[in-house]
Peer 1: 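Let me give you the structure first, and then I'll get to my questions.
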Amino acid sequence: MIYVTRRAEFSASHYYHNPKLTPEENRRIFGKCNNPLGHGHNYNVEVTVSGVINPATGMVLDLKELKVLLEQEVIQLMDHKFLNKEVPAFAEKNPTTENIAVEIWNLLAPKLAHGKLHRIRVYETPDLFVDYYGE
Amino acid sequence: MVYLTRRYRFSAGHRLHNDALSGEENRRVYGKCNNPNGHGHNYLLEVTVAGPIDPATGMVFDLVALDGIVAEHVLEKFDHKNLNLDVENFGTQVPTTENLCLEISKLLRAPLEEAGAERGLQLDRVGLEETSLNSFECVLEHAGRKKGKG
């Protein structure tokens, strides 16, 4: 089994807020991430696909296919956007790095034509990242 | 189950030396790391915790709490210290990065899992880079570990 990883970047703003909590609780739990005007990050996404090498090409999958899929499904949706306001998945749920990783998995898993989606890794900063394996 | 990794840095000095070996054997096994005056590194620590996403917050664990636990149990003990002389656990064992990585996992597991007990939080992995060319990982067994994860 071979694991192929492709990386992509997007920049977006977000804030954390739970409308079921009081403003004071929101500030306590989310701290500076609760600023309603939002703040931003340069996100890095790593998509890892597992599969076997096709003997005719020497490849697990055509990387261009993965690049285009990432661009269409993730980058166009999230790059230079305010995630809470512009990405439907985050209308009612916080765009935390955890939830972004799960959302990217959900966007890509049904559309991957070759190989099996193995892992989504999302870096919010170089010192903070989340891995999701689909379960 | 989501795996969240946070990176931390600390700088420390050490000397690799085993009292059970002769001076010559120590020099042979540990080479320049056996210099009696010691030497130091900038360590890069990765702490990975695993758990379900809390639907109320969208988070696996509060990062401020994670930072506080790592600071209290690891960084304050090791940063700008001599690992052989200042850190009690290395009185009898050689402060290789392997031993340091294992020691950090032991120091963090109980406080992290206690703080995150309500949500079933588990310490999943401790990674430690001694230099950009050397790194070590301590992967912990736990009920939620996905087989084949890597």
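Order of the sequence lines fixes the chain letters, A, B, ..., with proteins taken first and strands second; residue numbering starts at 1 for each chain.
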Peer 1: For the pair Arg7(B) (side chain) and Leu128(A) (backbone), establish whether a donor and an acceptor sit closer than 3.5 Å, ignoring hydrogens and angles.
Peer 2: no
Peer 1: Which residue out of Asp62(B), Thr5(B), Leu4(B) racks up the most heavy-atom pairs below 4.5 Å with chain A?
Peer 2: Thr5(B)
Peer 1: Go through the atoms of Leu44(B) and report whether side chain, backbone, both or neither lie under 4.5 Å from a heavy atom of chain A.
Peer 2: neither
Peer 1: Tyr3(B) vs Tyr133(A), test: ring-ring contact (aromatic ring centres under 6.0 Å, His included). Steps then yes/no.
Peer 2: CA-CA 9 Å; Tyr3(B) 300 81; Tyr133(A) 295 83; 5.3 Å; yes
Peer 1: Give, as side chain, backbone, both or neither, the part of Tyr16(A) having an atom under 4.5 angstrom from any heavy atom of chain B.
Peer 2: side chain
Peer 1: Examine Val60(B) and Phe30(A) and state if one hydrophobic cluster contains both, with Ile, Leu, Val, Met, Phe, Trp and Tyr joined whenever side-chain heavy atoms are less than 4.5 Å apart.
Peer 2: no
Peer 1: Mind checking what makes salt bridge (charged side-chain N to carboxylate O under 4.0 Å, His left out) contact with Asp67(B), not counting sequence neighbours?
Peer 2: Arg6(B)
Peer 1: In residues 65-103 of chain A, which residues are in contact with chain B at a heavy-atom separation under 4.5 Å?
Peer 2: Asn94(A), Thr96(A), Glu98(A), Asn99(A), Val102(A)
Peer 1: Report yes or no: do Leu16(B) and Phe78(B) belong to one cluster of Ile/Leu/Val/Met/Phe/Trp/Tyr joined by side chain heavy-atom distances under 4.5 Å?
Peer 2: no
Peer 1: Are Val94(B) and Tyr43(B) linked, directly or through intermediate hydrophobic residues, by side-chain heavy-atom contacts shorter than 4.5 Å (ILVMFWY only)?
Peer 2: no
Peer 1: State whether the number of non-hydrogen atoms from other residues, nucleotides or ligands found under 6.0 Å of Glu98(B) atom CD is greater than 12.
Peer 2: yes
Peer 1: If you count the non-hydrogen atoms of other residues, nucleotides and ligands that lie under 6.0 Å from NE2 in His114(A), is the total more than 12?
Peer 2: no
Peer 1: If two hydrophobic side chains count as joined below 4.5 Å and joins carry through other members, does Leu102(B) share a cluster with Val126(B)?
Peer 2: no
Peer 1: Can you tell me if CZ on Arg7(A) sees more than 12 non-hydrogen neighbours from other groups inside 6.0 Å?
Peer 2: no
Peer 1: Which pair of non-hydrogen atoms, one from Tyr132(A) and one from Val2(B), has the smallest distance, and what is that distance?
Peer 2: CD1-CG2, 3.7 Å
Peer 1: Treat each ILVMFWY residue as a node, draw an edge where side-chain heavy atoms are under 4.5 Å apart, and state whether Phe61(B) and Phe129(A) are in one component.
Peer 2: no
